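Only a predicted model underlies this, so the values are computations on that prediction, with no experimental measurement involved. When a residue number appears, it is its place in the shown sequence, counting from 1.
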Amino acid sequence: MPAAPSLSSIERALGDVLGPLPGTLDGMARLQDLPGWDGRRCAAVVKLCEQRFMIQLNRGQISRMASVGDLLRACRQMRAARRAAARQGTRRQALG
């Protein structure tokens with residue numbers, strides 16, 4: 001399984017899509033204030049995070065993402081949900 005989402009991994013994903021970022025970001029940085037941020041780049045960042053962390057973000061999570069911290073929380077929540085579902089599947093197979 002890939003590494004857990006962290007602030008630095010989210011910052012790298014944003015930089016990969018948007019190009020060089022102005023300094024180090026914190027969780028409070030607003031996504032819409034990042035240079036080059038628009039709907040197309042939002043979709044690209046979401047897709048990249050989904051690939052890197054092997055998750056699937058839903059529309060509700062995406063629409064609520066206003067800050068870097070929101071993006072990080074959504075990625076962490078989906079990763080935790082995916083891991084819990086995988087553990088449940090393993091338990092069911094063992095009991096089956």
Side-chain angles (χ1 to χ4, degrees):
M1 180 165 278
S6 65
L7 186 57
S8 63
S9 62
I10 295 295
E11 188 173 7
R12 278 191 303 277
L14 288 165
D16 288 348
V17 172
L18 300 173
L21 298 171
T24 303
L25 299 177
D26 64 24
M28 299 302 292
R30 292 171 45 92
L31 295 170
Q32 70 183 24
D33 294 340
L34 298 176
W37 187 260
D38 60 19
R40 184 175 56 87
R41 290 199 172 94
C42 175
V45 167
V46 167
K47 182 177 180 179
L48 185 57
C49 287
E50 288 177 337
Q51 291 170 344
R52 286 189 181 171
F53 306 125
M54 297 178 64
I55 58 171
Q56 182 70 43
L57 297 171
N58 63 49
R59 287 180 190 225
Q61 289 169 313
I62 295 167
S63 68
R64 288 188 299 273
M65 289 187 315
S67 69
V68 172
D70 294 337
L71 173 58
L72 177 57
R73 269 186 297 284
C75 289
R76 285 180 173 168
Q77 288 170 350
M78 292 313 295
R79 180 179 159 90
R82 184 173 182 266
R83 291 181 72 161
R87 283 193 299 271
Q88 280 290 55
T90 302
R91 287 184 188 134
R92 286 188 186 137
Q93 287 176 348
L95 295 173

Backbone of Leu48 reached by a side-chain donor or acceptor of Gln51 within 3.5 Å: no

Met78 CE to Gln61 CD distance, which is reported to the nearest 0.5 Å: 5.0 Å

Closest approach of Glu50 to Leu57 (non-hydrogen atoms, all atoms of both residues): OE2-N, 2.9 Å

Rounded distance (nearest 0.5 Å) linking atom CD1 of Ile10 with atom CG of Leu72: 5.5 Å

Pairs flagged by salt bridge (Lys or Arg N to Asp or Glu O under 4.0 Å) wherever residues 58-78 is involved - sequence neighbours left out: Asp70-Arg73

Could you list the donor-acceptor pairs under 3.5 angstrom formed between side-chain atoms of residues 11-27 and any protein atom two or more places apart in sequence or on another chain?
residue	atom	partner	partner atom	Å
Glu11	OE2	Leu25	N	3.2
Asp16	OD2	Arg52	NH1	3.2
Asp16	OD2	Arg52	NH2	2.2
Asp26	OD1	Met28	N	2.9
Asp26	OD1	Ala29	N	3.0

Non-hydrogen atoms of Ala4 and Arg79 that approach each other most closely: CA-NE, 3.5 Å

Side-chain heavy-atom pair Cys75, Ile55 within 4.5 angstrom cut-off: yes

Minimal non-hydrogen separation, Ser9 against Phe53, with atom names: OG-CZ, 3.4 Å

Side chains of residues 32-41: which donor-acceptor partners sit under 3.5 Å, not counting sequence neighbours?
residue	atom	partner	partner atom	Å
Asp38	OD1	Arg40	N	3.2
Asp38	OD1	Arg41	N	2.8
Arg41	NH1	Gly36	O	2.9

For Gly60 against Ser63, the heavy-atom pair lying closest together: O-OG, 3.0 Å

